[in-house]
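Keep in mind that what you see is a predicted model, and the values were worked out from it rather than measured.
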Amino acid sequence: MMLAAVNAPVLPGFRVQEAIELAKANKNVILGPGLRQDRDDLVLVCKSGVLRKKAPNTFWVDCHQKRYVPNRAEIVIGIVTQKAGDIFRVDIGASEPASLSYMAFEGATKKNRPDVSVGDAICARLLIANRDLEPELICVDSHGKKGKLGVLQEGFVFNCSINLVRKILNPKCTFLDLLAKEMAFEMAAGMNGRIWIKGKTVKQTIAIGNAILAVEYKDDSELKQLCDDIGSYVAGFS
């Protein structure tokens with residue numbers, strides 16, 4: 001059985017020996033996406049990608065996947081596909097649609113129902129994500145406030161790899177700050193590989209979407225030039 005090394009390519013079946021040794025030393029080890037524990041003394045890779053580690057002892061596999069597996073508490077962007085009684089069915093790109101109660105909105109009551117229609121884009125948080133249960137969404141935080149969750153008005157939704165979403169949401173990634181200096185825009189990113197954007201004009205919105213998609217294969221040194229090019233492109237239409 002091959003041993004997996006941090007920051008090295010791995011394949012399903014590789015053994016993460018470092019995680020096993022830390023667990024044996026009574027350290028608290030957290031296993032993220034792409035890893036599973038078969039026995040107390042065996043942690044295996046179940047996805048192809050690159051093994052990553054975050055201090056102190058969090059391990060996961062970084063991979064360019066598009067298929068989304070729901071995880072509790074993650075922010076996702078879904079499309080309302082059906083209204084069944086008091087429940088909305090929402091497509092989040094998983095193997096089955098998620099349910100969203102009309103009571104899962106800030107200030108919602110039986111008389112004051114949220115204005116949600118089939119086809120609307122929704123930014124929501126996963127309340128329940130279990131392989132044996134239907135995913136369930138909410139549009140409020142633990143204090144009952146919507147914050148930035150809820151129906152996304154106008155704008156444009158597009159799909160991308162889950163790896164790209166993780167990359168642009170990484171605090172070390174400067175792309176969004178650099179792009180915001182070039183033009184004003186609104187954005188919501190879902191961990192299910194969907195991004196909603198809204199610029200001042202249609203051309204700006206398209207330019208922002210193309211810039212975000214281009215980030216996936218750019219390193220940090222190329223992000224500044226990318227944002228400058230987008231800013232110059234948009235300025236040419238104004």
Side chains of Glu74 and Tyr68, donor plus acceptor under 3.5 Å:
yes
Lys167 side chain to Val215 main-chain N or O, any donor-acceptor pair under 3.5 Å?
yes
Can you tell me if NZ on Lys47 sees more than 12 non-hydrogen neighbours from other groups inside 6.0 Å?
yes
Roughly how far, to the nearest 0.5 Å, is CE of Met191 from CD1 of Ile162?
7.5 Å
Work out which heavy atom in Arg72 is nearest to a heavy atom in Ala129; give both atom names and the distance.
N-CB, 3.4 Å
Test: salt bridge (Lys or Arg N to Asp or Glu O under 4.0 Å). Region: residues 81-105. Which pairs qualify, not counting sequence neighbours?
Asp86-Arg113, Arg89-Glu134, Asp91-Arg194
For residues 170-190, pull every pair meeting side chain to side chain donor-acceptor pair (under 3.5 Å), keeping only residues two or more places apart or in separate chains.
none
Candidate pair Leu226 and Phe175, rule side chain to side chain contact (heavy atoms under 4.5 Å, CB included), full reasoning:
CA-CA 9 Å; Leu226 173 63; Phe175 168 72; 4.1 Å; yes
Roughly how far, to the nearest 0.5 Å, is the CE atom of Met2 from the CG atom of Leu44?
13.5 Å
In terms of hydrophobic clustering (I, L, V, M, F, W, Y; side-chain heavy atoms under 4.5 Å; direct or indirect links), are Leu31 and Leu11 co-clustered?
yes
Whether the side chain of Arg125 engages the backbone of Ile138 through a donor-acceptor N/O pair (distance < 3.5 Å, no angle test) should be reported.
no
Got a second to check how far Ser101's OG is from Leu137's CG, nearest 0.5 Å?
11.0 Å
Please check if the number of heavy atoms outside Arg52 that lie under 6.0 Å from its CZ is greater than 12.
yes
In this structure, would Val151 and Ile79 fall into the same cluster of hydrophobic residues linked by side-chain contacts under 4.5 Å?
no
Check whether any side-chain heavy atom of Cys160 sits under 4.5 Å from a side-chain heavy atom of Ile195, and report yes or no.
yes
Ignoring hydrogens and angles, tell me if any N or O in the side chain of Thr58 forms a donor-acceptor pair with the backbone of Lys53 under 3.5 Å.
no
Output for pair (Glu136 CD, Leu127 CG), nearest 0.5 Å, gives 5.0 Å
Nearest atoms (heavy-atom pairs only) where Pro70 meets Pro135:
CG-CG, 4.2 Å
Please report the shortest heavy-atom distance between Ala4 and Val45, naming the atom on each side.
CB-CG2, 4.4 Å
Is it the case that Asn163 and Ser161 place a side-chain donor and acceptor less than 3.5 Å from each other?
no
In the structure I gave you, are the side-chain heavy atoms of Ile75 and Leu149 within less than 4.5 Å of one another anywhere?
yes
Rounded to the nearest 0.5 Å, the SG atom of Cys173 sits from the CD1 atom of Ile168 at a distance of 7.5 Å
Side chain to side chain contact (heavy atoms under 4.5 Å, CB included) between Val6 and Glu18: does it pass, once the steps are laid out?
CA-CA 9 Å; Val6 175; Glu18 184 177 350; 3.5 Å; yes
Is any side-chain heavy atom of Lys218 closer than 4.5 Å to one of Leu223?
yes
Give every donor-acceptor pair under 3.5 Å between a side-chain atom in residues 117-124 and any protein atom, sequence neighbours left out.
from	atom 1	to	atom 2	distance (Å)
Asp120	OD2	Ser117	N	2.8

Determine the minimum heavy-atom distance between Ala189 and Val165, stating which atoms define it.
CB-CG1, 4.2 Å
Let me see the working for Arg15 and Leu42 under side chain to side chain contact (heavy atoms under 4.5 Å, CB included), right down to the final yes or no.
CA-CA 7 Å; Arg15 185 176 65 192; Leu42 187 61; 3.6 Å; yes
Check: Phe158 and Ile197 side chains under 4.5 Å, non-hydrogen atoms:
yes
Check whether any side-chain heavy atom of Val61 lies under 4.5 Å from a side-chain heavy atom of Val10, and answer yes or no.
yes
Grab the two heavy atoms, one from Phe105 and one from Pro114, that are nearest each other, plus how far apart they are.
CD1-CG, 3.5 Å
pair Phe59-Val43: side-chain heavy atoms closer than 4.5 Å
no
Measure the CH2-CE distance between Trp196 and Met187 for me, rounded to the nearest 0.5 Å.
10.0 Å
Quick check on the hydrophobic clustering: are Val29 and Leu51 connected, directly or via other members, by side-chain heavy-atom contacts under 4.5 Å?
yes
For Glu21, is there an ion pair with Lys27 - N to carboxylate O distance below 4.0 angstrom?
no
Could you see if Ile212 belongs to whatever hydrophobic cluster contains Ile77? Use Ile, Leu, Val, Met, Phe, Trp, Tyr and a side-chain cutoff under 4.5 Å.
no
CG (Asp115) with more than 12 external heavy atoms under 6.0 Å:
no
Transitive ILVMFWY side-chain link Tyr102 to Ile92, under 4.5 Å
yes
Looking only at atom types and distance, does a side-chain atom of Glu216 sit under 3.5 Å from a main-chain N or O of Leu213, one as donor and one as acceptor?
no
Given the rule in the side chain to side chain contact (heavy atoms under 4.5 Å, CB included) test, do Lys146 and Cys139 qualify, once you have shown the distances and angles that lead to the verdict?
CA-CA 6 Å; Lys146 68 175 184 178; Cys139 289; 5.8 Å; no
